[in-house]
S.K.: 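Have a look at this one.
Hydrogens, waters and symmetry mates play no part in the numbers below; they use all other heavy atoms, side chains included. Note that ligands are numbered from 1 as they come in the structure, with each ligand's atoms numbered from 1 the same way.
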Amino acid sequence: MNKDIQEILISTADINKRVEEMGTEITKAYPPGADIVLVCILRGAIIFMADLARQIKHNVAFDFMDVCSYGSGTESSGVVRILKDLEEDITDRHVLIVEDIIDTGTTLKHVIDILATRQPAGIKIVTLLDKPERRIEKRIKVDYNGFSIPDRFVVGYGLDYDQRYRNLPYIAVLKPDVYT
Ligand code: IMP
Ligand code: MG
């Protein structure tokens with residue numbers, strides 16, 4: 001185990017099992033031949049999207065959006081900025097937004113509002129993790145959630161602290177001295 005890790009919250013095996021289940025559920029939710037665009041919210045969702053996409057038995061397009069609401073700390077600023085927009089035209093297509101974690105919900109609400117103006121056939125949300133206690137933005141409906149977790153800052157499987165720990169194959173909590 002990485003020396004900076006205090007505790008593993010979700011093991012690699014549990015993540016893999018849940019991602020497979022979610023892929024099966026998502027596969028069933030769309031009709032055969034559905035035109036699906038997976039929208040990865042950079043950078044945290046890339047590992048989840050790579051694994052999830054392989055469990056979805058439809059043709060899907062990949063696209064990426066980069067929004068920032070966080071500095072290098074662990075608290076949301078509430079300020080959201082688009083750093084990279086989609087390349088795909090999503091008009092009349094089924095958008096599935098892929099998130100790593102929904103915390104306050106500020107980032108996601110902003111992304112949904114922007115994408116909704118482009119007349120997609122539908123917008124659904126899939127997230128690996130949800131911190132329901134932290135939600136400020138109540139108008140978000142999460143269609144698929146991997147795990148609900150308590151209000152703790154987590155890293156791994158795509159999630160970072162100051163751009164580190166994204167490549168850990170599990171979800172973990174860091175030792176307090178890492179932040180100081
Ligand atoms: P929100 O706008 O507060 O919902 O923030 C969502 C974004 O903040 C996520 O997509 C993550 O990039 C980041 N974030 C929130 N909580 C955590 C965490 O526990 N670890 C790492 N990143 C987090
Ligand atoms: Mg993110």
S.K.: Find all atoms of ligand 1 within a distance of less than 4.0 Å from any non-hydrogen atom belonging to Asp103, and give their numbers and elements.
M.R.: 1 (P), 3 (O), 4 (O), 5 (O), 15 (C), 16 (N)
S.K.: Below 4.0 Å from any atom of ligand 1, is there a heavy atom belonging to Arg152?
M.R.: yes
S.K.: Does some non-hydrogen atom of Ile41 fall short of 4.0 Å from ligand 1?
M.R.: no
S.K.: Can a donor-acceptor pair be found, under 3.5 Å and without considering hydrogens, that links the side chain of Arg18 to the backbone of Gly146?
M.R.: yes
S.K.: With a 4.0 Å cut-off, would you call Arg152 and Glu7 a salt bridge?
M.R.: yes
S.K.: Taking the non-hydrogen atoms of Glu137, is any one of them nearer than 4.0 angstrom to ligand 1?
M.R.: no
S.K.: Using heavy atoms and a threshold below 4.0 Å, how should the contact between Arg134 and ligand 1 be classified: side chain, backbone, both, or neither?
M.R.: neither
S.K.: I'd like to know whether ligand 1 has Leu108 as a neighbour, heavy-atom separation below 4.0 Å.
M.R.: no
S.K.: Below 4.0 Å, non-hydrogen atoms only: which portion of Leu159 touches ligand 1? Side chain, backbone, both or neither.
M.R.: side chain
S.K.: Under 4.0 Å from a heavy atom of Thr104: give me the atoms of ligand 1 that qualify, with their elements.
M.R.: 1 (P), 2 (O), 3 (O), 4 (O)
S.K.: Which of the atoms in ligand 1, numbered in the order shown and given with their element, are less than 4.0 Å from a heavy-atom of Glu99?
M.R.: 10 (O)
S.K.: Charged N to carboxylate O under 4.0 angstrom, Asp100 versus Arg43?
M.R.: no
S.K.: What I want to know is whether Gly105 and ligand 1 share at least one N or O pair that is separated by under 3.5 angstrom.
M.R.: yes
S.K.: Quick test of your reading of the structure: of Ile149, Ile140, Thr107, whose heavy atom lies closest to atom 2 (O) of ligand 1?
M.R.: Thr107
S.K.: Output yes when a side-chain donor or acceptor of Arg93 lies under 3.5 Å from a complementary backbone atom of Asp89, and no otherwise.
M.R.: yes
S.K.: Are Tyr170 and Asp14 close enough that a side-chain donor and a side-chain acceptor fall under 3.5 Å?
M.R.: no
S.K.: For Gly44, state whether at least one heavy atom is located under 4.0 Å from any atom of ligand 1.
M.R.: no
S.K.: Are any side-chain N or O atoms of His58 and backbone N or O atoms of Ala34, one a donor and one an acceptor, separated by less than 3.5 Å?
M.R.: no
S.K.: Report, in ascending order of atom number, the atoms of ligand 1 lying under 4.0 Å from any heavy atom of Lys131.
M.R.: 16 (N), 17 (C), 18 (C), 19 (O)
S.K.: Think Lys57 forms a cation-pi with Tyr30, using NZ or CZ under 6.0 Å from the six-ring centre and within 45 degrees of its axis?
M.R.: no
S.K.: For Arg139, is there any backbone N or O sitting under 3.5 Å from a side-chain donor or acceptor partner on Glu137?
M.R.: yes
S.K.: If I take atom CD1 from residue Ile41 and atom NZ from residue Lys84, how far apart are they, to the nearest 0.5 angstrom?
M.R.: 10.0 Å
S.K.: Which of the numbered atoms in ligand 1 are under 4.0 angstrom from any heavy atom belonging to Thr106?
M.R.: 2 (O), 4 (O)
S.K.: If we only consider heavy atoms of Asp160, is any one of them less than 4.0 Å away from an atom in ligand 1?
M.R.: yes
S.K.: Side chains of Val95 and Lys124, heavy atoms from C-beta outward: is any pair under 4.5 Å?
M.R.: no
